[in-house]
Amino acid sequence: MHLVQGTKADTLDQAATLTGLSASTLQHDTASNILGGAAVLRAEALKLSTTIPATLPTTVSGWYAPIAAYSHAGSRQTAGMYADAAFKLLSTGFSATADDGETITLAPQTVAPDKTTLAAVPVSPTAVPAGCKSDSNVDYPGAIDCVVPAATYDCNVTSPCTYQSSTRPSSYAMYAVTIHDIEGTAQDALSTFQDLNSGVSVHYVVDSDGTVYQALREKDIAYHAGNFYYNEHAVGIEHAGVDATGYQWYNATEYLASAKLVAYLLTKYNIPLDHAHITAHGTTPAPTTGSAPNHVDPGKYWLWDYYFGLIHAQGVAYPTGNTPAAGLFRVNPASDQAPLGPNGTETAANNSFFTLYTGPSTADPVIPGASGTDPTDETTNIETQMPYYYVAEKADEAGTGMQMYQIWYGENDRLSGSSPSQYADAKLAWVAIPAGSAVPVHSYVLSLKPTTKNGTIKIYGRPTTSASYVIGTAPTGSQWAAPKSVFEDGTSNLWFAIDYNHREAWVPTTEATVVAWY
């Protein structure tokens, strides 16, 4: 029931007081959790009542304002988005399976929420941090103005510095949004971006309560993606959270506020709504093997399918085109949409990363990757929503019920050598995903063709003609999903982005043949 316990809202302890139940019981028992949520929602309704004594709404439509207040969002706009999402469930209906296996069904209802009451919902905006101000001098309406002054932070003017002034999109095309997590709080991020010696910056910061801070103008180049080409062409958004424990941070209000911001950016810059253009820091390649690996945020607990649905609900259409080619797929599992454990808790399976094996069985060895057991490692897996092309498919020979898909994958097989290297080698591997979770996706399919005598193709960390940016190879004839193409800056050279491993990579069109397209 989204009971939270933090410095900005503490509905968990409020529910404990109202029900007489312990916080632990409210956290771990489904019936108690629902009771606690109901108690908090009732309290919000009574606070908003205009009668004496206070009374509860007598119609479903009258609960719009209490639900908005229940969000504890930092702005009335975000609180309204929260209530809109709840009433959309009422209008569309749903059928879902409860923890005990029972099917719960709600028939669609025609309910017109009383949105006029939203103005009465009290909001408690976060105190404006030092170096910021509440004014209208921002690109995104409603953002808190934390834009750093050019005279002291712009690398075109001074040093030390944290960003580079520009005139995007006239100077560089803008065709991506990069999603990050802060590895801490929004204040941690703002403190870092206001530190001249940090050498880093970002355009926006989204707090856990939905507050959006603008730290840099969209036209300027932020230092955020670990790959300067992506810095030149993307808008960066940081989110309060920690990637290894994201399920303890990311929440409905934060997702909703971020989705509204991204919907604004996609519309403004004509950016498609898919994972090829709304990238993760973790799907962004390092530009060179010497600078690898890049970061891994927002991590395995960022729910991409849920997030894209929220952006779509803001009026942004999904990409359309011809029927996707056979063999193209993206992973769209239940673990990317709802908790999998009992009593609403998340488990190790409730994530968006899926492992690759050397053979068509989960009993086979995992492909070579980084040593250790870091849960955020991205050398042996893929994440949801990224398009891939499979050359074979079969049920897991180990009998788990998983489905195995054989794909080309840039393996980090040199990390365990006598001279460890981040250079990758493309090989066939088998990814294990829940049966039924592979769904069609729009993308080109490429077959690589040789331009060298040894029959291998160079793979690049950015679409730039220079041996410095070669990060791996792939054999001739290997086939790849290529969801986007771009012209190399300042040239007529066309490049394809391919999903090389967990991350994106680049190949010039002169070394590829399009064998299928959407």
Can a donor-acceptor pair be found between the side chains of D489 and H233 at a distance below 3.5 Å?
yes
Under the 3.5 angstrom rule, does the side chain of N251 hit a backbone N or O of S208 as a donor-acceptor pair?
yes
Residues passing the salt bridge (charged side-chain N to carboxylate O under 4.0 Å, His left out) test with E183, sequence neighbours excluded, are none
Rounded to the nearest 0.5 Å, what separation is found between the NE2 atom of H72 and the OG1 atom of T78?
14.5 Å
If we ignore hydrogens and angles and just use 3.5 Å, is the side chain of D195 paired with the main-chain N or O of S191 as donor and acceptor?
no
Verify whether one side chain among E504 and Y230 offers a donor that lies under 3.5 Å from an acceptor in the other.
yes
When rounded to the nearest 0.5 Å, the distance separating CG of N381 from CZ of F354 is 10.0 Å
Any donor-acceptor N or O pair under 3.5 Å, side chains T185, D188
yes
So, the side chain of D139 versus the backbone of E218: is there a donor-acceptor pair under 3.5 Å, distance only?
yes
For T355, is there any backbone N or O sitting under 3.5 Å from a side-chain donor or acceptor partner on T380?
no
When rounded to the nearest 0.5 angstrom, what is the spacing between CG in D114 and OG1 in T117?
4.5 Å
For the pair T279 (side chain) and H275 (backbone), establish whether a donor and an acceptor sit closer than 3.5 Å, ignoring hydrogens and angles.
no
Among residues at least two apart in sequence or on other chains, which ones pass side-chain contact (heavy atoms from CB on, under 4.5 Å) with V147?
D145, Q214, R217
Could you go through the side-chain contact (heavy atoms from CB on, under 4.5 Å) check for V205 and V212 one step at a time?
CA-CA 6 Å; V205 176; V212 176; over 6 Å; no
So H281 and N294, side chain to side chain donor-acceptor pair (under 3.5 Å) or not? Walk me through it.
CA-CA 8 Å; H281 201 173; N294 208 340; 3.1 Å; yes
Quick one about Q385 and D274 (side-chain donor to acceptor, distance below 3.5 Å, no hydrogens or angles considered), yes or no?
no
Under 3.5 Å, is there a donor-acceptor pair between the D154 and S165 side chains?
yes
Taking side-chain contact (heavy atoms from CB on, under 4.5 Å) as the test, write out the residues that go with T245, two or more places apart.
V242, Q248, W249
Measuring from atom CD1 of I144 to atom SG of C132, what distance do you get when rounded to the nearest 0.5 angstrom?
8.0 Å
Any idea how Y140 and Y264 line up, ring-wise: parallel (<30°), tilted (30 to 60°), or perpendicular (>60°)?
tilted
Under the salt bridge (charged side-chain N to carboxylate O under 4.0 Å, His left out) test, residues paired with K260 that sit two or more places apart:
none
Quick one: which residue pairs count as a salt bridge (charged side-chain N to carboxylate O under 4.0 Å, His left out) with a foot in residues 36-50, not counting sequence neighbours?
E44-K47
Stepwise side-chain contact (heavy atoms from CB on, under 4.5 Å) test for I382 and Y388
CA-CA 9 Å; I382 64 173; Y388 291 90; 3.4 Å; yes
T25 side chain to L21 backbone, donor-acceptor under 3.5 Å:
no
Do the side chain of H295 and the main chain of G282 share a donor and acceptor less than 3.5 angstrom apart?
no
D29 side chain to S32 side chain, donor-acceptor N/O pair below 3.5 angstrom:
yes
Test item: S201 side-chain N/O and T162 main-chain N/O as donor-acceptor pair under 3.5 Å:
yes
With side chain to side chain donor-acceptor pair (under 3.5 Å) as the criterion, how do D336 and T384 come out once you've worked through the C-alpha distance, each side chain's angles and the decisive distance to 0.1 Å?
CA-CA 8 Å; D336 197 28; T384 57; 3.2 Å; yes
With sequence neighbours excluded, what pairs up with S171 under the side-chain contact (heavy atoms from CB on, under 4.5 Å) test?
S166, T167, R168
Are Y213 and E238 linked by a side-chain donor-acceptor pair shorter than 3.5 Å?
no
For a quick check under 3.5 Å, do T55 and T51 share a side-chain donor-acceptor pair by atom type?
yes
Show the numbers, then the answer: is there a side-chain contact (heavy atoms from CB on, under 4.5 Å) between V486 and W506?
CA-CA 10 Å; V486 303; W506 296 88; 3.5 Å; yes
Can you give me the closest heavy-atom contact between P333 and S437, atom names plus distance?
CA-CB, 3.8 Å
Under the side-chain contact (heavy atoms from CB on, under 4.5 Å) rule, what do E232 and R462 come out as? Steps first, then yes or no, please.
CA-CA 11 Å; E232 291 172 322; R462 54 177 284 172; 4.1 Å; yes
Using 0.5 Å steps for rounding, measure from the CG atom of L106 to the OG1 atom of T92.
8.0 Å
Does a donor on one side chain sit under 3.5 Å from an acceptor on the other, for H239 and S258?
yes
For E383, give me all partners under salt bridge (charged side-chain N to carboxylate O under 4.0 Å, His left out), at least two apart in sequence or on another chain.
none
With sequence neighbours excluded, tell me which residues meet salt bridge (charged side-chain N to carboxylate O under 4.0 Å, His left out) with R330.
none
Let me have the donor-acceptor pairs involving side chains of residues 82-90, under 3.5 Å, with sequence neighbours excluded, atom names and distances please.
{"residue": "Y82", "atom": "OH", "partner": "H2", "partner atom": "ND1", "Å": "3.1"}
{"residue": "D84", "atom": "OD1", "partner": "Y64", "partner atom": "OH", "Å": "2.7"}
{"residue": "D84", "atom": "OD1", "partner": "K115", "partner atom": "NZ", "Å": "3.3"}

Looking only at atom types and distance, does a side-chain atom of T59 sit under 3.5 Å from a main-chain N or O of G62, one as donor and one as acceptor?
yes
Side chains of Q194 and Y153: is there a donor and an acceptor less than 3.5 Å apart?
no
W302/Y255 under ring-ring contact (aromatic ring centres under 6.0 Å, His included): CA gap, chis, key distance, verdict
CA-CA 9 Å; W302 185 267; Y255 275 122; 4.7 Å; yes
Going by atom types only, do S22 and S24 share a side-chain donor-acceptor pair under 3.5 Å?
no
Mind checking side-chain hydrogen bond (donor to acceptor under 3.5 Å, both in side chains) for T105 and listing every partner two or more places apart, or none if nothing turns up?
S95
Do the side chain of N33 and the main chain of L26 share a donor and acceptor less than 3.5 angstrom apart?
yes
Sequence-distant partners of Y318, ring-ring contact (aromatic ring centres under 6.0 Å, His included), two or more places apart:
H312
Could you list all the side chain to side chain donor-acceptor pair (under 3.5 Å) pairs where at least one residue sits in residues 219-228, not counting sequence neighbours?
H180-H224
